[in-house]
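Keep in mind the model is a prediction, meaning the values are calculated, not measured. First the proteins, then the strands, lettered A, B, ... as listed; each starts at 1.
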2 protein chains.
Amino acid sequence: MKLTEAKAQFISSWGAFGTHWGINRTMAQIHALLLVSPDPITQDDIMEELNISRGNVNMNTRELIAWGLVERVLIPGERREFFTAEKDIWKVATQIIKERKKRELDPMLKLLSQLEQIDGDKKDKNTRQFIETVSGIRKFGGEADKMLDVMIRADENWFLGNLLKIFK
Amino acid sequence: MKLTEAKAQFISSWGAFGTHWGINRTMAQIHALLLVSPDPITQDDIMEELNISRGNVNMNTRELIAWGLVERVLIPGERREFFTAEKDIWKVATQIIKERKKRELDPMLKLLSQLEQIDGDKKDKNTRQFIETVSGIRKFGGEADKMLDVMIRADENWFLGNLLKIFK
DNA sequence: TTGAATTTTCAAAACTTTTTGAAAATTAAT
DNA sequence: ATTAATTTTCAAAAAGTTTTGAAAATTCAA
């Protein structure tokens, strides 16, 4: 397989993959393109490579920046802005975990704690099941939360090198 | 807060939460409803509680069954089918991980292995960056895969009770 | 300043996904 | 076998999301 073909495949699959993870196709594709581009590239490069409009590129690069996965780069002597992506996959994963934890897990855990406080007849089957389910999810989520915190703080070598040996 | 109100909140939030995870809103809401229902319920119960059409319930319950999260239950003397959800959150999580690994991670790792095999000039910056990125993701994905396998096989108490102590 | 290059915005259009609901199929009791 | 209850299917409608593109805003060099 030639590079051009492989690159197209990678970008397209990464885009499809992204949609399963609540990220939109184009945002994932731009990310993929930046991940395999050794040097920073411009809005126009992205527009041309992916055949998408300027507005679309603008919107999605800003979203990638908000996620902490992409950076604007200023190149001396160049008027236009360039973009580049963090290439270290561990850092990419950590960053995504951090953001999703903040945006999704933390608010959910907060809500569940509130929902556990319902005032109701504890002899009622429905009340009992509700409290049990909600607190079960909250406890599980709390453990996951702790675990993710450790991962976010962990050093790559320590984690992948040593921790995963524990699991084997 | 009263049970009815808390239940409505739980269902609605769980639905919104689901959309961030590639699961459709209604499927997640049905799942939430079943999670807090102590006894099996019918299509009509679901239709009424969530205000959705029969076809919608039918489609989404079948999807939940395909994910291994919900079961059809036959109640003696009843003509209609009843549905019930696995209540053990650890099992729910394990099941979801198992399915997503099979549907998403495994095919992605397979593709990445293929893409690493491109024939190209290794002195070319673009080729080098491509191979480096793809193999970086593949390696990381491979570790995640191993880790998830251990989790899937692990016993709840062993995992939550002991493993998480290691992390602290 | 002025004006050309560049980026940003956002309403409307295109596209995608989900939902509906009525007809068809299935099931089980009589 | 017939019938009534129940479930399934699926084309069309509704809802939701993403993309476009042109106008507005910004930036920077001369």
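- You won't find any donor-acceptor pair under 3.5 Å spanning the side chain of B:Arg54 and the base of C:dT20, going by distance alone.
- Protein atom CD1 of B:Ile65 is 12 Å distant from nucleotide atom P of D:dT7, rounded to whole Å.
- Put simply, B:Asn56 has a side-chain N or O that comes within less than 4.0 Å of OP1 or OP2 on C:dT20.
- Atom-to-atom, CG of B:Asp44 to P of D:dT8 comes out at 12 Å; the value is rounded to the nearest Å.
- For the residue pair A:Thr42/A:Asp45, the side-chain donor-acceptor check at 3.5 Å is satisfied.
- Between the side chains of B:Asn58 and B:Arg62, a donor-acceptor pair is found at a separation under 3.5 Å.
- D:dT9 atom C1' lies 14 Å from atom CG of B:Asn60, rounded to whole Å.
- In this structure, the CG atom of B:Leu74 is 13 Å from the C1' atom of D:dT7, given to the nearest Å.
- When the C1' atom of C:dA28 is taken as reference, atom CD1 of B:Ile75 falls 17 Å away, rounded to whole Å.
- Between B:Asn58 and D:dT7, a side-chain N or O to OP1/OP2 separation shorter than 4.0 Å is absent.
- In this structure, B:Arg72 reaches the D:dT8 phosphate: one of its side-chain N or O atoms is under 4.0 Å from OP1 or OP2.
- Applying the 6.0 Å contact sphere to NZ of B:Lys101 captures more than 12 heavy atoms from other residues, nucleotides or ligands.
- Residue A:Asn24 places at least one side-chain N or O under 4.0 Å from the OP1 or OP2 atom of D:dT19.
- Where B:Glu78 and A:Gly55 meet DNA chain D, the nucleotide closest to each residue was compared, and B:Glu78 sits on the side nearer the 5' end.
- A straight line from CZ of B:Arg25 to C1' of C:dT16 spans 15 Å, rounded to a whole angstrom.
- Residues B:Arg79 and A:Arg62 both approach DNA chain C. Their nearest nucleotides, taken by heavy-atom distance, put A:Arg62 toward the 5′ side.
- Remark: C1' of D:dT6 and CZ of B:Phe83 are 11 Å apart, rounded to the nearest angstrom.
- Phosphate proximity of D:dT6 to B:Arg80: present, with a side-chain N or O under 4.0 Å from OP1 or OP2.
- Side-chain N/O atoms of B:Gln43 and B:Arg54 include a donor and acceptor closer than 3.5 Å.
- With a 4.5 Å cut-off on side-chain heavy atoms, B:Leu112 and A:Phe10 count as touching.
- Among the nucleotides C:dT20, D:dT19, C:dT19, the one closest to any side-chain atom of B:Ile52 is C:dT20.
- Out of C:dT20, D:dT20, C:dT7, the shortest distance to the side chain of A:Gln43 is found at C:dT7.
- At whole-Å resolution of the value, CD in A:Glu81 and P in D:dT26 are 14 Å apart.
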